[in-house]
**Q** 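If you scroll down you'll find the structure; I have some questions about it.
Small disclaimer: the values here were computed from a predicted structure and weren't measured. The residues of the chain are indexed from 1 along the displayed sequence.
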Amino acid sequence: MSDVLAVSRLLADAGLPPLPPAVSGVVAGAVSRSEAVYRVTPGFRPVALDVHVPEAVSAPGDAGRGVPLVVWAHGGGWEQGDRRDTPGNWPHGWLFEACVAAGLAVATLDYRLSGEAAFPAAFDDVRAGVRYLRAVAPALGVDGSRIAVMGESAGGQLAALLALAGTGVDMDGLDVGATDPASGPVGEVGDAFAGPVQAAALLYPPTDFTPAGAPISSAFPEAEGGADDRMLGGPATERPAVAIAASPVTYARRDAPPVLLLHGDEDSIVRLDQSVRLRDALVAAGARDVVLDVVPGAEHCFEGVDPVPPLERAVAFLAARIGV
């Protein structure tokens, strides 16, 4: 049975539509599949992803093992944004084109926003997205054993959770309220495709929602009912178990994959201390490949400086760690 046919049957069995057709011209140098629905949960919109694979890779089914994959999680305070978006001060489309030019496939994921469902809904979505991508990798010409994650701001928190908490961690015991209807997802790839990711590039991520990490923002240090609270489903002081579970620092471990943290030293939306806290927690746990790259003069989203050099360092870090 061909890889494409096997993947089609797998998706049908999972209650998901087939892979979209491959097209060129969406991202320079890539063959793209857009609007691939990767998770369907009753009562919510289906969540989708786009994937862009370098044109020069071996065709699916060839003897080659495929190219490494970067999974991108967008920012927007967990309450806005789109998988196709990067911050407005970045050159449009630059990041995805840079990944492809470096020999990396790149997948960009939507996830449920906090106005739709509180934590862990967004994390449940993105980890289902990684399972999906690993399952369909043979049909894409992608190597499902070489997956890195990358995200900015809120997406950096989700990427950090993917790297440190994993794609199979059980959060069902959390008292988080009804984020999913009782019937659960009707379409998703199962835990047979769960597994660790191999590297992470985290751009100015919130990492600690507990009182020890407060305030996350120096611009709104006393804010209540803000983006963090809406993501958590209420103030962290009233939902301490959820705040701990949503904090990447909770999952610092010795066998963490390589992690790059990029953060501006003038960031007032997510303080530099948030990246420092995760770096320190990983180092204390014995993690061996952790890099904190502080960008002088940079505000949130690298405002105030040229964003391209730090983004180049992020792409280079991932390419070096997942085997390009």
**Q** Y204 versus S275: any side-chain heavy-atom pair under 4.5 Å?
**A**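 No, side chains not in contact.
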**Q** Salt-bridge test for D50 and R33: reply yes if a basic N is under 4.0 Å from a carboxylate O, no otherwise.
**A**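 Here D50 does not pair with R33 in a salt bridge, since their nearest N and O are not under 4.0 Å apart.
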**Q** Determine whether V37 and V136 fall in the same hydrophobic cluster, where Ile, Leu, Val, Met, Phe, Trp and Tyr are linked whenever their side-chain heavy atoms lie under 4.5 Å apart.
**A**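 The answer is yes; both residues are in one hydrophobic cluster.
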**Q** What pair of heavy atoms forms the shortest contact from G103 to V67, and how long is it?
**A**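 Looking at all heavy atoms of both residues, the shortest contact is O-CB, 3.8 Å.
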**Q** Whether the T207 and Q157 side chains hold a donor-acceptor pair (N or O, under 3.5 Å, no angle test) is what I'd like checked.
**A**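 Result is no, nothing qualifies.
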**Q** Does the side chain of L95 come within less than 4.5 Å of M150's, by heavy atoms?
**A**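 Contact flag for M150/L95 side chains = yes.
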**Q** For the CG atom of D267 and the CZ atom of F302, what is their distance to the nearest 0.5 Å?
**A**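 That separation rounds to 9.0 Å.
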**Q** Shortest non-hydrogen contact from S24 to E55?
**A**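 The answer is OG-OE2, 3.8 Å.
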**Q** Are L272 and V283 joined in one hydrophobic group, where the rule is that I, L, V, M, F, W and Y side chains link up if heavy atoms are under 4.5 Å apart?
**A**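 No, L272 does not connect to V283 through the hydrophobic network.
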**Q** Answer whether the closest heavy-atom distance between the side chains of S218 and S268 falls below 4.5 Å.
**A**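 Result yes, sub-4.5 Å side-chain heavy-atom pair found.
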**Q** Answer whether the closest heavy-atom distance between the side chains of V7 and L19 falls below 4.5 Å.
**A**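 Of all side-chain heavy-atom pairs linking L19 with V7, at least one is under 4.5 Å.
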**Q** Could you check if a side-chain atom of E152 sits within less than 4.5 angstrom of a side-chain atom of W72, using non-hydrogen atoms only?
**A**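 The answer is yes; the side chains approach within 4.5 Å.
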**Q** Evaluate L261 against V291 for side chain to side chain contact (heavy atoms under 4.5 Å, CB included), listing each step before the verdict.
**A** CA-CA 6 Å; L261 293 145; V291 178; over 6 Å; no
**Q** Can you check whether F44's main-chain N or O pairs, donor with acceptor, with T41's side chain at less than 3.5 Å?
**A**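 Pair absent, no side-chain N/O of T41 close to backbone of F44.
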**Q** Indicate yes or no: does R83 engage E35 in a salt bridge with an N to O separation below 4.0 Å.
**A**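 Yes.
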**Q** Which atom pair, heavy atoms only, marks the closest approach of A245 to Y251?
**A**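 So the minimum-distance heavy-atom pair works out to O-OH, 2.7 Å.
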**Q** Hey, could you give me the OG/CG distance between S247 and D208, rounded to the nearest 0.5 Å?
**A**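 Here the interatomic distance stands at 4.5 Å.
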**Q** Determine whether a donor-acceptor pair (N or O, by modelled atom type, separation under 3.5 Å) exists between the side chain of E299 and the backbone of G264.
**A**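 Looks like no, no N/O pair under 3.5 Å.
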**Q** Going through the checks in order, is the side chain to side chain contact (heavy atoms under 4.5 Å, CB included) test met by L164 and L278?
**A** CA-CA 11 Å; L164 300 175; L278 182 55; 3.9 Å; yes
**Q** Please confirm whether the backbone N or O of A199 pairs with a side-chain atom of R321, one donor and one acceptor, at under 3.5 Å?
**A**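 No, the answer is negative, given that no donor and acceptor are paired below the 3.5 Å cut-off.
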**Q** Could you tell me the separation between the CZ atom of R254 and the CG atom of L282, rounded to the nearest 0.5 Å?
**A**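 Here the interatomic distance stands at 13.5 Å.
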**Q** Determine, using the 4.5 Å side-chain heavy-atom cutoff (strictly less than), whether V315 and V308 are members of one ILVMFWY cluster.
**A**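 Linked, V315 and V308 end up in one cluster.
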**Q** Less than 4.0 angstrom from a charged side-chain N to a carboxylate O is my criterion; do R239 and D229 meet it?
**A**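 Here R239 does not pair with D229 in a salt bridge, since their nearest N and O are not under 4.0 Å apart.
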**Q** Between Q198 and V149, does a side chain to side chain contact (heavy atoms under 4.5 Å, CB included) hold up when you go through it step by step?
**A** CA-CA 8 Å; Q198 283 65 58; V149 291; over 6 Å; no
**Q** Has the side chain of D265 got a donor or acceptor atom that lies under 3.5 Å from a matching backbone atom of V294?
**A**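 Pair absent, no side-chain N/O of D265 close to backbone of V294.
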**Q** Cation-pi check, R39 to Y132: give yes when NZ or CZ is under 6.0 Å from the six-membered ring centre and within 45° of the ring axis, no otherwise.
**A**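 Ring-cation test returns no.
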**Q** Is any side-chain N of the basic residue among E266 and R271 closer than 4.0 Å to the acidic one's carboxylate O?
**A**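 Result for this pair is no, no salt bridge flagged.
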**Q** Any chance the side chains of S153 and H300 put a donor and an acceptor closer than 3.5 Å?
**A**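 The answer is yes; a qualifying pair exists.
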**Q** Hey, does the side chain of H92 reach the backbone of T86 with a donor-acceptor pair shorter than 3.5 angstrom?
**A**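 Between the backbone of T86 and the side chain of H92 there is no qualifying donor-acceptor contact (under 3.5 Å).
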**Q** If you round to the nearest 0.5 Å, how far is CG of L109 from CG of D82?
**A**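 Going from the CG atom of D82 to the CG atom of L109 covers 11.5 Å.
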**Q** With a 4.0 Å cut-off, would you call R277 and D280 a salt bridge?
**A**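 No salt bridge links R277 with D280.
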**Q** Is the side chain of E188 donor-acceptor paired with the backbone N or O of V40 at a distance under 3.5 Å, no angle test?
**A**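 It does not hold such a pair.
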**Q** If every non-hydrogen atom of I269 is compared with every non-hydrogen atom of S217, which pair is closest and at what distance?
**A**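 Heavy atoms only, the tightest pair is O-CB, 3.0 Å.
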**Q** Just verifying a value: how many Å separate Y111 OH and D124 CG, rounded to the nearest 0.5 Å?
**A**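 Reported to 0.5 Å precision, the distance equals 14.0 Å.
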**Q** Are L232 and L113 linked, directly or through other ILVMFWY residues, by side chains that come within less than 4.5 angstrom of each other?
**A**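 Result: yes, single cluster for both.
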**Q** Compare all side-chain heavy atoms of L49 with those of T108 and state whether any distance is below 4.5 angstrom.
**A**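 L49 does not reach T108 side chain to side chain.
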**Q** For the pair R131 (side chain) and V189 (backbone), establish whether a donor and an acceptor sit closer than 3.5 Å, ignoring hydrogens and angles.
**A**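 Between the backbone of V189 and the side chain of R131 there is a qualifying donor-acceptor contact (under 3.5 Å).
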**Q** Measure the spacing between CG of D306 and CH2 of W90 and express it to the nearest 0.5 Å.
**A**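 With rounding to 0.5 Å, CG (D306) is 12.0 Å from CH2 (W90).
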**Q** Name the residue from L202, V290, V249 that meets the side-chain contact (heavy atoms from CB on, under 4.5 Å) definition with R279.
**A**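 Exactly one pass, corresponding to V290.
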**Q** According to a 4.5 Å side-chain heavy-atom criterion applied to Ile, Leu, Val, Met, Phe, Trp and Tyr, with indirect links allowed, do L133 and L10 form part of one hydrophobic cluster?
**A**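 Yes; L10 is reachable from L133 via cluster members.
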**Q** So which heavy atom on A227 is nearest to which on W78, and how close?
**A**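 Taking every non-hydrogen atom into account, O-CE3, 3.9 Å.
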**Q** Under a 4.5 Å cut-off applied to non-hydrogen side-chain atoms, are L203 and L311 in contact?
**A**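 Sidechains of L311 and L203: in contact.
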**Q** What I'd like to find out is whether the side chain of F209 reaches to under 4.5 Å of the side chain of M231, using heavy atoms alone.
**A**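 SC-SC contact between F209 and M231 confirmed.
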**Q** Specify the closest pair of heavy atoms between P257 and A163, including all atoms of both residues, with the distance to one decimal.
**A**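 The answer is CD-O, 3.4 Å.
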**Q** As a quick check of understanding, evaluate side chain to side chain contact (heavy atoms under 4.5 Å, CB included) for L260 and D293, giving each step before the final call.
**A** CA-CA 7 Å; L260 170 66; D293 185 334; 4.0 Å; yes
